[in-house]
Amino acid sequence: MTNIVRTKHTGETTRNGGHFAALHKDEAVGVTLTLPAETGPTQKHISLAAEYAVMNPDSNGADPKHWWRRDRAKDLLNAGPAQALTDVEQIGWSSVDKNIVPLVNDWVRTQPNGWIAGQLERNAEASRGQADGVTNPSEKAQWSARADRLETIARGFRDLAEEEAADRAKRTAAPTLAESLEQQRRDAILKSVVTPARPRSAKIPETNRRRRGHQFFVAEMKKWPAIGTHQNTPLPEIPIVGHLFAGPYDFYCAEYNAETGEAWGFTRIAGHGEGEWGYSNLRDLEQQLVGQFKQPIERDMHWSKKQFGAIKR
């Protein structure tokens, strides 16, 4: 909240866009007014939306709140810890900066907040599992600090997604009777002239098939080990069945769910640490464009299964 002390009684404007009344002038001098804190899109966000609306007036970019939420998302990634960390905990906290934050910065430009929250929640769950599975106090502290940070960021993105959904619901309120009848009329016309859609193919669609130059999803991937297969296998002995790459990005896949696209393996981004184990969705990766030159992620067509410890990284 913002406190404003009235020093005049001439009807001057207030910070909330109204005016101080001119009645009871003597009694009104020095009165403290409490107004809601000013939050929301700034002039910068409004200008960005106006510029974007010229090209695509029906897109999210034409809404100032879209750019406001994007800045708030970046603030989530840059926020410091709520309390002081030990040197050991700081290692776990900083690992997110090296391995997760670069990915999320790319996602913020192209992916919805709810999807980003889901990715972070899965990684947080994996880190929490690592913390529960080790006995060394230092390792446990590192993994716990990492999980705490991922959970905090995930909650922030989930809040942004819910806020966005609420705004969308307001914009799409129930139509009036006249609007409903008009939409029914249009739907009837379209139904009479549009050719019925053909049944959907079971084949997974590929967004970047032409740009990549080869097929991303192949039948062989359905035979890859299921998620959870190697829970008790030492990391160096885990077999890597697939390799996906683009520029500085590498993903070594060990387990896969062909129905959902969910995969578990080792992710490495050149220049951002040694890499880490975690979850990724291959259907999402197929759509990603990586690096300065916006390269599609490719499937290593010459890859043969080998243990993780034998991979040169």
Exercise for the section: Considering non-hydrogen atoms only, spot the tightest contact between H214 and R299 and give its length. Expected result: NE2-N, 3.1 Å

Practice task
Flag the pair W67 / H45 as yes when their ring centroid distance falls below 6.0 Å, and as no otherwise.
Solution key: no

Fill in the blank from the handout: Residues passing the salt bridge (charged side-chain N to carboxylate O under 4.0 Å, His left out) test with D159, sequence neighbours excluded, are none

Practice task
Output yes when E89 and R146 qualify as a salt bridge under the 4.0 Å nitrogen-oxygen rule, no when they do not.
Solution key: no

Exercise for the section: In plain terms, say whether D97 and R149 are close enough for a salt bridge, that is, a side-chain N and a carboxylate O under 4.0 Å apart. Expected result: yes

Completion exercise
Those residues at least two apart in sequence (or on a different chain) that pass salt bridge (charged side-chain N to carboxylate O under 4.0 Å, His left out) with E151 are R128

Name each donor-acceptor pair under 3.5 Å that joins a side chain in residues 101-109 to protein atoms two or more places apart or in another chain, with its distance.
from : atom 1 : to   : atom 2 : distance (Å)
N105 : ND2    : V101 : O      : 3.3
D106 : OD1    : R109 : NH2    : 2.5

Problem - Whether W277 and F266 hold their rings parallel, tilted or perpendicular, with breakpoints at 30° and 60° - result: perpendicular

Handout entry: Lys/Arg-Asp/Glu bridge criterion (N-O < 4.0 Å) met for E262, R122
Key = yes

Problem - Any donor-acceptor N or O pair under 3.5 Å, side chains D63, W68 - result: no

Handout entry: Heavy atoms from other residues, nucleotides or ligands near CD of E206 exceed 12 (cutoff 6.0 Å)
Key = yes

Exercise for the section: Apply side-chain hydrogen bond (donor to acceptor under 3.5 Å, both in side chains) to Q295 and list each qualifying residue two or more places apart in sequence or on a separate chain. Expected result: none

Practice task
Kindly give the cluster partners of W93, where membership spreads through any ILVMFWY side chain lying under 4.5 Å from a current member.
Solution key: L85

Handout entry: Ion pair E121/R158, N-O distance below 4.0 Å
Key = yes

Fill in the blank from the handout: Contacts satisfying salt bridge (charged side-chain N to carboxylate O under 4.0 Å, His left out) that involve residues 215-243 (not counting sequence neighbours) are none

Handout entry: Transitive ILVMFWY side-chain link V218 to F245, under 4.5 Å
Key = no

Problem - Lys/Arg-Asp/Glu bridge criterion (N-O < 4.0 Å) met for R69, E163 - result: yes

Handout entry: More than 12 heavy atoms from other groups under 6.0 Å of CG on D87
Key = no

